[in-house]
Amino acid sequence: MAITKNQLEKIEFYVCAKLDSLNWQHTQEMRPIAKKLAGLEKADKEIVDVAILFHDLGKHTGESKDHEKRSGEMARKYLEKENFDQRFIEEVVYCVLVHMAGLYNQGHLITTPEAKVLHDADQIQQLSEFGLVKNLINYGADIYGNYQQGLVKTRDIMFKGYNLILTENGRKMAEPGYKLVKEFFKKLDV
Ligand SMILES: [Fe+2]
Ligand SMILES: [Fe+2]
């Protein structure tokens with residue numbers, strides 16, 4: 001289905017108003033990555049883009065746990081209210097609901113090209129300067145408690161993200177970011 005510029009801008013406005021700045025930045029930076037990967041993986045770019053906009057919206061509560069379920073519900077509610085095509089809604093909601101499956105060792109649940117692209121773009125975007133900022137904030141308490149161990153923990157979480165990538169094309173795209181992260185921690189002697 002062809003989504004109009006106006007429909008897309010309305011979603012952007014809705015999500016941006018609810019998300020914190022860090023997660024909005026993450027969402028925005030994922031979009032060009034996903035667009036490129038969707039081309040390579042022959043995924044539907046509109047489904048991917050709308051799913052990306054909604055995928056972390058469930059974090060608007062400040063809670064990360066189960067955010068994919070909240071994001072899925074919010075996406076469904078919004079898209080149904082705006083009279084989007086039912087098949088389009090199901091595809092978008094599915095992408096959103098499974099985007100954390102890799103992290104729970106259930107990557108096999110991610111089956112459509114669109115869901116794979118969203119999942120991989122989520123990881124690729126975080127192998128970056130942005131990802132370093134985000135993860136150092138997230139694990140700040142560990143670093144305060146034990147500098148060396150906290151940094152090792154942060155590094156390993158970021159490496160795990162790289163290992164979760166499902167597609168060959170995604171892995172290739174993640175390579176420069178992975179190198180950046182590796183070198184960053186190497187300079188810190190961890
Ligand atoms: Fe997420
Ligand atoms: Fe995300």
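For ligands, and for the atoms within them, numbers begin at 1 and follow the listed sequence.
For His67, the N, O or S atom closest to the Fe ion (ligand 1) goes by the atom name NE2.
With Lys134 as the partner, the side-chain hydrogen bond (donor to acceptor under 3.5 Å, both in side chains) test is satisfied by one option alone out of Gln25, Gln125, Gln126: Gln126.
Partners of Phe84 under the ring-ring contact (aromatic ring centres under 6.0 Å, His included) rule, at least two apart in sequence or in another chain, are Phe88. In this view, Glu41 and Leu37, Val117, Thr167, Asn169 satisfy the side-chain contact (heavy atoms from CB on, under 4.5 Å) rule, not counting sequence neighbours. Remark: Thr111 pairs with Tyr94 by the side-chain contact (heavy atoms from CB on, under 4.5 Å) rule, at least two apart or across chains.
For the Fe ion (ligand 2), protein N, O or S atoms under 2.8 Å: 4 in total.
Within the 4.5 Å cutoff, the side chain of Asp189 has no heavy atoms near those of the Leu151 side chain.
Ionic pairing of Lys69 and Asp66 is present here: one or more N-O contacts between side-chain nitrogen and carboxylate oxygen are shorter than 4.0 angstrom.
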